[in-house]
Amino acid sequence: MNVVQRLDQPSNYKDSQSRVDRRYQDDLLSNSTTLYIGNLSFYTTEEQIYELFSKCANPEDGGGIKRIIMGLDRNTRTPCGFCFVEYYTHAEALASMRYISGTKLDERIIRCDLDMGYKEGRQFGRGKSGGQVRDEHRQDYDPGRGGWGAQAQRLEIERRRQEVEERYVDAQDGPGAVAGGGEEWREVENSEGKLKRGRSPGDEGDNERTVGSFIVSPRCQRLR
């Protein structure tokens, strides 16, 4: 009987898209050499991960880090806060869970879980915005993981867009708005498709006379 819970005990973590039953999963984890690393900063590099997890590698016993697969945003192909570390031996993976999980990397407490094994395609985030699902609905501000959650960012963008539209409407209706042209100078289309000045109310009752190709108004006739 263990008085203190073992640090190398697999957690309840499971790939949400895996179709294997729990018993088969436990068999795979009992011999797994792959770790899922979560809660990474978007700015943590593969070199930093390699340096940290190499501390639990045993090259002299035929072990070591086989490969590191960085988790990527599905749309931008940039790191999105997780990775897979694959060792050559199961003992090395257990040692990482015992000594590295729960420690800080880039000022963040990271977690390590045994994984059933990496398959192509699992390196991409599954959230609607391309990153991890946890960052899709996150409501807090986390500078190490892109600031606000993706859903909160979309709401903020929509709020700012509405503010801009409201300011534009206020500017159109406010005292500084530019007035449109008066009806007197409105251009209207005549029967021949040409444009001329619309008649103003003051023009009503005036009798125009044509002289050659010019139209002479009664006012001009009086001046003559």
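Only this structure's heavy atoms are used, side chains among them; waters, hydrogens and symmetry mates stay out. Note that the numbering runs from 1 along the sequence shown for the chain.
Rounded to the nearest 0.5 Å, atoms CE (M70) and CZ (F84) are 11.5 Å apart. The line from NZ of K104 to OG of S41 is 13.0 Å long, rounded to the nearest 0.5 Å. Note: Q139 CD to H137 NE2 = 9.5 Å, rounded to the nearest 0.5 Å. In this structure, CZ on F53 lies 3.5 Å from CD1 on I37, to the nearest 0.5 angstrom. Interatomic distance, CZ of F82 versus CD1 of I69, reported as 10.5 Å (0.5 Å rounding). The structure places CG of L94 at 10.5 Å from OH of Y87, a figure rounded to the nearest 0.5 Å.
Within a 6.0 Å sphere centred on CZ of R160, heavy atoms belonging to other residues, nucleotides or ligands number 12 at most. Taking a 6.0 Å sphere around CD of E51, one finds it holds 12 or fewer heavy atoms contributed by other residues, nucleotides or ligands.
With contacts defined as side-chain heavy-atom distances shorter than 4.5 Å, the pair L114/L35 qualifies. Contact annotation: the side chain of R167 approaches that of V164 to within less than 4.5 Å [non-hydrogen atoms, C-beta and beyond]. The side-chain heavy atoms of Q48 and D106, taken from C-beta on, include a pair separated by under 4.5 Å. At a threshold of 4.5 Å between non-hydrogen side-chain atoms, the residues L40 and C83 count as touching.
Shown here for G64 and E92, the closest heavy-atom pair between the two residues is N-OE2, 2.5 Å. Taking both residues in full, the closest heavy atoms of C112 and S101 are given as N-OG, 3.0 Å, listed atom of the first, atom of the second, then distance. For the residue pair L52 and I100, the shortest heavy atom distance occurs at O-CD1, 3.6 Å. The shortest non-hydrogen separation linking S32 to A93 is O-CB, 4.0 Å. For the pair D135 and F42, the tightest heavy-atom approach, listed with the atom from each and the gap, is OD2-CZ, 3.8 Å. Nearest heavy atom pair, residue I68 against residue I65, reads CG1-CG2, 4.0 Å.
Cluster partners of W148, by chain and number: Y141. The rule joins Ile, Leu, Val, Met, Phe, Trp and Tyr whenever side-chain heavy atoms lie under 4.5 Å apart.
For the side-chain contact (heavy atoms from CB on, under 4.5 Å) with T34, the qualifying choice from R67, E86, H90, M116 is E86, the only one to do so.
One hydrophobic cluster holds both Y50 and L105 under the rule that ILVMFWY side chains link at heavy-atom gaps under 4.5 Å. In the hydrophobic clustering of this structure, L29 groups with Y24; members are Ile, Leu, Val, Met, Phe, Trp, Tyr whose side-chain heavy atoms approach within less than 4.5 Å, directly or through other members.
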**Request:** Tell me, with the steps shown, if S129 and E136 meet side-chain hydrogen bond (donor to acceptor under 3.5 Å, both in side chains).
**Result:** CA-CA 7 Å; S129 300; E136 189 72 27; 3.3 Å; yes
**Request:** Show your reasoning for whether salt bridge (Lys or Arg N to Asp or Glu O under 4.0 Å) applies to D26 and R23.
**Result:** CA-CA 5 Å; D26 292 341; R23 178 177 296 180; over 6 Å; no
**Prompt:** Given R108 and N39, is the side-chain hydrogen bond (donor to acceptor under 3.5 Å, both in side chains) satisfied, shown in steps?
**Reply:** CA-CA 7 Å; R108 301 184 66 85; N39 200 39; 3.0 Å; yes
**Message:** Quick one, T89 with N58, criterion side chain to side chain contact (heavy atoms under 4.5 Å, CB included). Give me CA distance, side-chain angles, the key distance, then yes/no.
**Reply:** CA-CA 9 Å; T89 68; N58 294 309; 5.7 Å; no
**Request:** Show your reasoning for whether salt bridge (Lys or Arg N to Asp or Glu O under 4.0 Å) applies to R134 and D142.
**Result:** CA-CA 12 Å; R134 59 167 292 194; D142 190 338; 5.1 Å; no
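Under a 3.5 Å cut-off, the side chain of T78 and the backbone N or O of D73 do not form any donor-acceptor pair.
A cation-pi arrangement is present between R77 and F124, with the terminal nitrogen or guanidinium carbon under 6.0 Å from the aromatic centre and inside a 45° cone about the axis.
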